[in-house]
Amino acid sequence: MTKLKPATLCVQAGWQPKNGEARVLPIFQSTTFKYDNTEEMADLFDLKKEGYFYTRLQNPTNDAVAQKIAALEGGVGAMLTSSGQAANFYALFNICEAGDHFVTSNEIYGGTYNLFGVTLKKLGIDCTFVNPNASDEEINAAFRPNTKALFGETISNPGCHVLDIERFARIAHSHGVPLIVDNTFPTPVNCRPFEWGADIVTHSTTKYMDGHATQVGGCVVDSGNFDWETCTHKGDSSLFTLHSSLPKFPGLCTPDESYHGLTYTKKFGKMAYTTKLVAQLMRDLGSIPSPHNAFLLNLGLETLHLRMKQHCSNAQRVAEFLSKDPRVAWVHYSGLPTDENYALAQKYLPNGGCGVLAFGLKGDRQTAIRFMDSLKLIAIVTHVADARSCVLHPASHTHRQLSDEQLREAGVAPDLIRLSVGIEDADDILADIKQALDQI
Ligand code: PLP
């Protein structure tokens, strides 16, 4: 069969029932799986054979959904996690250990900013935040001999900055490290970062992929394009030459004592990163989603391609309206030709980005609060990328742990209102915004 298009993958990838099996992905709500003899199960523990034995490591429902997301992103393997936070933690912790360092865009979700700037530091993994608009020279200067990855968000939450993925990939590969991209906001329906050179993609599946606010989840996807032994990306091998005889990624390229001395790159080739994620990290840390949550996520994925279109066309109308209203100080939406990210969006998001936009009102913090409190249809919730329109003031909510300086570093203006435009009728969304603006 020819390569299937994203819409078909949304509906059909993952669960492939055999003759007489359930058409719809079943929920394998079982912690464990039965075998006829001890040796069969021993082979699974030793990774000699593939199969299920304990849901913390693998479960058929979770695997089918992970495979669907891998297919959508064009990756070789994927692993579901219990949240987007866990996905970003696992993606980095799979290749970084105490004493290591990574470089990250500072235009990222507040929770990720805390994870990187506080919690990973406590584990001995240091990071340097860089402005994604900084010059190549400035970003290069953040790299150290112990740097193991570069990280960014395709469309940042909440600033709506569009990442120049190709440039970031080139910079990462020139230092012999992978580019990890959090692709939560555009989803693979609107952008596939592997096509631009990214090596690993992460998701908070809580957002558009689910789309109905029914489960918190995450996913890590591997392109299979990064060679962990030579530290080069397929097609970019001229960018970096490894001079040291010491492996840069020992966790993948040297024997794992907790797996009888098995070396992931030697035994699993392109699947080394995903196998280590599952067999070592998930085994030891255990943040799996329940199969029931994976089932709900799969229902969301089946309509992702339809919903993304509606989110984008509604958000475009709202952004155009806000950009013309005299009470609005500024609007960030990369679909607006006047937006500073418009050119990047034309390149990476030609069919639209997502339904999230950021704007500020003329006035002070109280003006933003009066506007938000006057909304009737659009709800104030700590959520984003949902079928229902919703709104949030990051400085008062998601980013309230950050100081003013950290807010600025994270690209979040104190007056920023994050509006997540849903898939209702755009006329009704606009009417609600208009009446709330009349109250300020
Ligand atoms: N990445 C991005 C871009 C996000 O917006 C979020 C949450 O809003 C996360 C990661 C964290 O995901 P979760 O809330 O599922 O843990």
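For ligands, and for the atoms within them, numbers begin at 1 and follow the listed sequence.
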Using the ring of each side chain (for Trp, its six-membered ring), is His175 parallel, tilted or perpendicular to Phe143, with breaks at 30° and 60°?
parallel
Looking at [Y] and [X], is any side-chain nitrogen of the basic one under 4.0 Å from a carboxylate oxygen of the acidic one?
X      : Y      : answer
Lys376 : Asp432 : no
Lys234 : Asp227 : no
Asp126 : Arg144 : yes
Arg317 : Glu320 : no

Pairs of nitrogen or oxygen atoms closer than 3.5 Å, one from Phe185 and one from ligand 1: do any exist?
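Min N/O separation from ligand 1 is not below 3.5 Å for Phe185.
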For ligand 1 and Thr112, I'd like to know whether there is a polar contact (N/O to N/O, distance under 3.5 Å).
no
Taking atom 9 (C) of ligand 1 as the reference point, the nearest protein heavy atom with its distance:
Tyr109 CD2, 3.4 Å
Identify which of Asn157, Thr81, Asp182 has a heavy atom lying nearest to atom 2 (C) of ligand 1.
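The option holding the nearest heavy atom is Asp182.
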Under 4.0 Å from a heavy atom of [X]: which atoms of ligand 1 are those, numbered in the order shown and with their elements?
X      : value
Ser83  : 15 (O), 16 (O)
Thr206 : 13 (P), 15 (O)
Gln85  : 11 (C), 12 (O), 13 (P), 16 (O)
Gly84  : 11 (C), 12 (O), 13 (P), 15 (O), 16 (O)
Glu153 : 3 (C)

Have Asn88 and Tyr109 got a donor and an acceptor in their side chains that come within less than 3.5 Å?
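The criterion, which ignores hydrogens and geometry beyond distance, is not satisfied for Tyr109 and Asn88.
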Testing the 3.5 Å rule here: is there a donor-acceptor pair between the side chains of Ser389 and Glu424?
yes
Kindly indicate whether the side chain of Glu153, heavy atoms from C-beta on, has any atom under 4.5 Å from the side chain of Glu107.
no
Could you tell me if any non-hydrogen atom of Gly217 lies under 4.0 Å from any atom of ligand 1?
yes
Does at least one non-hydrogen atom of Lys207 fall below 4.0 angstrom from an atom of ligand 1?
yes
